[in-house]
Asks: 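Before anything else, here's the structure in question.
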Amino acid sequence: MEQDVESPISIRQPKLPKLAREDPVRQKCTKRKIQRYVRKDGKCNVHHGNVRETYRFLSDIFTTLVDLKWRFNLFIFVMVYTVTWLFFGMIWWLIAYIRGDLDHIGDKKWSPCVDNLNGFVSAFLFSIETETTIGYGYRVITDKCPEGIVLLLVQSVLGSIVNAFMVGCMFVKISQPKKRAETLVFSTNAVISMRDGKLCLMFRVGDLRNSHIVEASIRAKLIKSKQTKEGEFIPLNQTDINVGYDTGDDRLFLVSPLIISHEINPHSPFWEISKAQLPKEDLEIVVILEGMVEATGMTCQARSSYVTSEILWGHRFTPVLTLEDGFYEVDYNSFHDTYETNTPSCSAKELAELVSKAEMPLSWSVSSKLNQNEELIKEERENNHEIQTERNGDVANLENESKV
């Protein structure tokens, strides 16, 4: 008899993502809180863990310093200058100590390396005066000290490099257009309603400043996890949402608030989603507005996102632009306001099928009318033929009677 024997060799299963390991039935029963990929303020809700290759940050030290927070940046700025001054101050003091200048303070017959340098504090002050080119005139290097002349050249060159690096870092950080992106606003909600006979997904963007964004463009991404036919689980898969790329409508002249529209067609990821199915979907729409700041010419990017609870089906945006005496006025108090409108609750696919079915009787009526017209033409031709034959018979009878 065969017996089941436990094999000492255990097969190691591949480590799957958490969402793929969970039971799908349990996922449906458990109502999970929607986790944002991008927050409403545009910050990405992603944290990088287990990054072991930290040396990569040091290889690009300039970008690392620019990305630091202001308090760390200012601390490094002060520390770099302080350490540099202390380092060269220590070297100036060592030169004076080795030469014996500190033992001949006040001796007018002695030629020191630096006049009036009598300790470490005075050496530190001389280092500051040398690197910052202040030159008060009290402490002066003499021509009897070649090692001091070489040190003076080295400190001047290195001081210029430190100034260029740190001032450049501070300038780039100050001129970053992050605050400019905060004046680019997105509507709190996105809406789905009819536009030109088709279902469209829409959201509104606006610029609060009078200085415009040059070469402004808009993009949209659908963030939704998917599973392939082969069983591979792809978390947070990104799909492009067409907001006018093929027609050029994604290029914006953002002087007043604009409504960005996405037509739900067979190529849209919302083609088969209805009003009842939308709240059940676990998806997020990320919108990205890019352009150059008119004042500085630097590229600016503003981001926001919409989850399913922030997509209103059957709503439209309230108009905010009015014509005043000689100018147009934008009322930003109504920027986020919407109102309900008649919108089919079915999906765009079902709506297209209903429309196609509604158009079929029209085609039948046209074809039937064409058939009726053809039958009338045939009847007229037959009647004309009978009348012609009758006339021919009458003529023949008259000829016979005349012969008789």
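We number each residue from 1, following the sequence as shown. All values derive from a computational prediction rather than experimental measurement. Reckoned from all heavy atoms, side chains included, excluding hydrogens, waters and symmetry mates.
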Asks: Sequence neighbours left out, what passes side chain to side chain donor-acceptor pair (under 3.5 Å) with Ser122? Give chain and number order.
Replies: Asn118

Asks: In terms of side-chain heavy atoms, does Tyr97 have a donor or acceptor partner in Asp103 at a distance below 3.5 Å?
Replies: no

Asks: I'd like to check the ring-ring contact (aromatic ring centres under 6.0 Å, His included) partners of Phe171; sequence neighbours left out, ordered by chain and number.
Replies: none

Asks: Under the rule for ring-ring contact (aromatic ring centres under 6.0 Å, His included), what residues qualify as partners of Trp313, not counting sequence neighbours?
Replies: none

Asks: Looking only at heavy atoms, which two atoms of His315 and Val191 are closest? And how far apart?
Replies: O-CB, 3.4 Å

Asks: Which residue pairs pass the salt bridge (charged side-chain N to carboxylate O under 4.0 Å, His left out) test when at least one of the two sits in residues 154-172, sequence neighbours left out?
Replies: none

Asks: Using side chain to side chain donor-acceptor pair (under 3.5 Å) as the criterion, list what pairs up with Thr133, not counting sequence neighbours.
Replies: none

Asks: Can you list the residues that meet the ring-ring contact (aromatic ring centres under 6.0 Å, His included) rule with Phe270, with sequence neighbours excluded?
Replies: none

Asks: With sequence neighbours excluded, give me every side chain to side chain donor-acceptor pair (under 3.5 Å) pair touching residues 63-79.
Replies: Asp60-Thr63

Asks: Determine the minimum heavy-atom distance between Gly119 and Leu102, stating which atoms define it.
Replies: N-CD2, 4.0 Å

Asks: Can you tell me if Asn242 uses its side chain to pair, donor with acceptor, with the backbone of Tyr245 under 3.5 Å?
Replies: yes

Asks: With sequence neighbours left out, what residues match Cys300 under disulfide bond (SG atoms under 2.5 Å apart)?
Replies: none

Asks: Got a sec, which pairs hit salt bridge (charged side-chain N to carboxylate O under 4.0 Å, His left out) with one end in residues 227-253, sequence neighbours left out?
Replies: Lys221-Asp240

Asks: Who passes ring-ring contact (aromatic ring centres under 6.0 Å, His included) against Phe165, sequence neighbours left out?
Replies: Phe62

Asks: Identify the two heavy atoms, one from Cys346 and one from Ser274, that lie closest to each other, and give their separation to 0.1 Å.
Replies: C-CB, 3.9 Å

Asks: Answer yes if the ring centres of Phe75 and Phe72 are under 6.0 angstrom apart, and no otherwise.
Replies: no

Asks: With sequence neighbours excluded, what pairs up with Tyr37 under the side chain to side chain donor-acceptor pair (under 3.5 Å) test?
Replies: none

Asks: What residue pairs, at least two apart or across chains, pass salt bridge (charged side-chain N to carboxylate O under 4.0 Å, His left out) with a residue in residues 139-168?
Replies: Arg99-Glu147, Glu129-Arg139

